[in-house]
**Q** 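Structure in structure tokens, see below.
Just so it is clear, the structure is predicted and the values come from calculations on it, not from any experiment.
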Amino acid sequence: MTPLYAKRVPVTPLRQNCTILSNDENRAVVVDPGGDVEDILQHLDGQTVEAILLTHGHLDHAGGAAALKKALEARQDQTVPVIGPDRRDDFLLQSITKQAAAFGLTGMDNVTPDRFVEDGEVLHLLGQDLHVAHVPGHTPGHVVFIDHDNRRVMAGDTLFRGTVGRTDFAYGDSRALIDGIRKHLLFLPDETVVLCGHGMPTTIGEERRTNPFLIS
């Protein structure tokens, strides 16, 4: 097993948790760079980034991806692909600038992934397998990235400490979200750390026992 380390970098006025996964060889993956790209780049000093991963298409998770990709490719002189989410979130990725304007935010750009991902896909990054699970409901194309070996899941805006993601959007689906969490996340070991899109991390065991949205 290749140990991976996770650093939480809250970004944008919405305080979204950008996550930097890294290994002992100074290689990294950035998950959900919503903005504040200069701050993210400082945290990546001395590291080679293999990819940028997106859980879904909301501006606070994907708004900095295009700028970060451009900056990293210039610095590393090699392609840094943007991977994910599921293609059903493409309409959100192509409206980030519009989303940002509605919030009075700047420095967030539309982004076209180098490739979308699908449920069940396995990404080999940092010498480790990251498993993709499609968990819609917060958005139609939301995915999570599961690191089984290090017992960690990058959950985006699906599962939080004591709650679940919002579904009060025109495209939201609360039943699909709960079903997806139960299917793809609650079977994981109790000690699996959930890196949430906002707020502090939690564990699968804690949410299985106490989350009011998940207790049968």
Side-chain angles (χ1 to χ4, degrees), residues 1-12 14-23 27-35 40 43-44 47 49-58 60-65 68 80-86 89 92-93 111 113 115-139 141-161 163-165 177 180-181 183-189 191-207:
M1 182 190 80
T2 301
L4 298 184
Y5 311 101
K7 177 185 287 188
R8 183 170 60 95
V9 183
V11 296
T12 83
L14 301 175
R15 308 316 290 161
Q16 188 276 130
N17 290 327
C18 171
T19 298
I20 298 172
L21 295 179
S22 61
N23 63 16
R27 301 186 71 83
V29 165
V30 181
V31 184
D32 286 354
I40 296 172
H43 286 280
L44 293 168
Q47 295 181 314
V49 176
E50 293 186 3
I52 297 167
L53 305 184
L54 301 179
T55 61
H56 65 291
H58 282 160
D60 55 328
H61 289 255
L68 182 63
V80 179
V82 175
I83 302 174
D86 178 284
D89 265 16
L92 290 170
L93 297 172
V111 60
R115 69 182 187 86
F116 293 100
V117 293
E118 297 181 354
D119 184 62
E121 188 173 344
V122 180
L123 305 176
H124 188 68
L125 296 163
L126 306 177
Q128 186 68 55
D129 288 337
L130 297 180
H131 294 251
V132 177
H134 179 221
V135 184
H138 180 66
T139 67
H142 199 304
V143 298
V144 301
F145 301 102
I146 304 171
D147 176 5
H148 289 287
D149 286 342
N150 290 284
R151 296 196 172 179
R152 180 186 293 128
V153 56
M154 282 62 70
D157 284 355
T158 58
L159 180 60
F160 296 95
R161 181 185 291 270
T163 189
V164 297
L177 178 60
I181 292 171
K183 177 181 178 181
H184 293 292
L185 299 182
L186 291 193
F187 80 93
L188 296 170
E191 62 270 28
T192 301
V193 174
V194 180
L195 300 179
C196 311
H198 301 265
M200 297 300 293
T202 184
T203 65
I204 290 295
E206 180 68 17
E207 297 315 306

**Q** Nearest heavy-atom pair of G84 and P113: which atoms, and what distance?
**A**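 G84 and P113 have their closest heavy atoms at O-CG, 3.4 Å.
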**Q** Do you see a donor-acceptor pair shorter than 3.5 Å between the side chains of D157 and H61?
**A**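 A pair is found: one side chain offers a donor N or O, the other an acceptor, under 3.5 Å apart.
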**Q** Just so I know, are the side chains of V153 and V193 near enough to count as touching, which here means a heavy-atom distance under 4.5 Å?
**A**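 Not in contact.
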**Q** Is Q47 reaching over with its side chain to a backbone N or O of S22, donor-acceptor style, under 3.5 angstrom?
**A**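 Not confirmed, Q47 side chain does not pair with S22 backbone.
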**Q** Identify the two heavy atoms, one from A133 and one from I146, that lie closest to each other, and give their separation to 0.1 Å.
**A**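 Residues A133 and I146, closest heavy atoms: CB-CD1, 4.3 Å.
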**Q** Do side-chain atoms of D129 reach the backbone of V122 as a donor and acceptor pair under 3.5 angstrom?
**A**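 No, because the side chain of D129 does not come within donor-acceptor range (under 3.5 Å) of the backbone of V122.
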**Q** Indicate whether any N or O donor in one side chain lies under 3.5 Å from an N or O acceptor in the other, for D89 and H56.
**A**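 No - no donor-acceptor pair under 3.5 Å links their side chains.
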**Q** Does E121 reach the main-chain N or O of E118 with its side chain, forming a donor-acceptor pair under 3.5 Å?
**A**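 Side chain of E121 to backbone of E118: a pair is present.
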**Q** With side-chain contact (heavy atoms from CB on, under 4.5 Å) as the criterion, how do Q16 and D32 come out once you've worked through the C-alpha distance, each side chain's angles and the decisive distance to 0.1 Å?
**A** CA-CA 8 Å; Q16 188 276 130; D32 286 354; 3.7 Å; yes
**Q** Check N150, L125, V31 against L130 for a side chain to side chain contact (heavy atoms under 4.5 Å, CB included) and give me the one that passes.
**A**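 Result for side chain to side chain contact (heavy atoms under 4.5 Å, CB included) with L130: L125.
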**Q** Give me the one residue out of L53, V143, L92 that meets side chain to side chain contact (heavy atoms under 4.5 Å, CB included) with P85.
**A**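 Option passing the side chain to side chain contact (heavy atoms under 4.5 Å, CB included) with P85: V143.
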**Q** Whether the side chain of T163 engages the backbone of F160 through a donor-acceptor N/O pair (distance < 3.5 Å, no angle test) should be reported.
**A**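 Not at all, since once roles are kept as given, no pair shorter than 3.5 Å links the two residues.
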**Q** Would H184 and D119 count as a side-chain contact (heavy atoms from CB on, under 4.5 Å) here? Give the steps.
**A** CA-CA 10 Å; H184 293 292; D119 184 62; 3.4 Å; yes
**Q** Do C18 and V30 come within less than 4.5 Å of each other through their side chains, counting heavy atoms only?
**A**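 A side-chain contact exists here, since the closest heavy-atom pair is under 4.5 Å.
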**Q** Taking C-beta and beyond as the side chain, do V11 and P33 meet within less than 4.5 Å on heavy atoms?
**A**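 With C-beta onward as the side chain, the pair stays apart.
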**Q** Determine yes or no for a side-chain-to-main-chain donor-acceptor pair under 3.5 angstrom, with R161 supplying the side chain and P201 the backbone.
**A**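 Present.
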**Q** Once rounded to the nearest 0.5 Å, what's the spacing between atom CG of D147 and atom CG of L21?
**A**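 Reported to 0.5 Å precision, the distance equals 7.0 Å.
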**Q** Grab the two heavy atoms, one from H124 and one from G127, that are nearest each other, plus how far apart they are.
**A**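 Nearest heavy atoms, H124 then G127: CE1-C, 3.7 Å.
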**Q** Classify the side-chain pair H138/H58 by whether it contains a donor and acceptor separated by less than 3.5 Å.
**A**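 There is such a pair between these side chains.
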**Q** Considering all heavy atoms of both residues, which atom of T55 and which atom of G156 are nearest to each other, and what is their separation?
**A**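 That would be OG1-CA, 3.7 Å.
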**Q** Taking L14's backbone N and O only, do any of them form a donor-acceptor pair with H198's side chain (distance below 3.5 Å, no angle check)?
**A**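 Pair found, side chain donor or acceptor close to backbone of L14.
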**Q** Heavy atoms, side chains only, cut-off 4.5 Å: are L54 and I83 in contact?
**A**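 They are not in side-chain contact.
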**Q** Run the ring-centre check on H131 versus H148 and record whether the distance is less than 6.0 Å.
**A**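 They qualify: ring centres under 6.0 Å apart.
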**Q** How long is the gap from CD on E207 to OG1 on T202, to the nearest 0.5 Å?
**A**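 Those atoms lie 3.5 Å apart.
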**Q** Does a side-chain heavy-atom distance below 4.5 Å link H142 with P136?
**A**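 SC-SC contact between H142 and P136 ruled out.
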**Q** Within the 4.5 Å heavy-atom criterion, are I204 and L185 side-chain neighbours or not?
**A**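 Sidechains of L185 and I204: in contact.
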**Q** Evaluate the side-chain contact (heavy atoms from CB on, under 4.5 Å) criterion for residues T158 and V164: first the C-alpha distance (whole Å), next the side-chain angles of each, then the deciding distance (0.1 Å), finally the verdict.
**A** CA-CA 6 Å; T158 58; V164 297; over 6 Å; no
**Q** Closest approach of A28 and I20, non-hydrogen atoms and distance?
**A**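 Reported closest heavy-atom pair: CB-CG2, 4.2 Å.
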**Q** Minimum heavy-atom separation for L123 and F145, please, with both atom names.
**A**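 Of all heavy-atom pairs spanning L123 and F145, the closest is CD1-CE2, 3.9 Å.
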**Q** Between I52 and P81, is any pair of side-chain heavy atoms under 4.5 Å apart?
**A**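 Sidechains of P81 and I52: no contact.
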**Q** Is any side-chain heavy atom of R152 closer than 4.5 Å to one of L195?
**A**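 Side-chain contact under 4.5 Å: yes.
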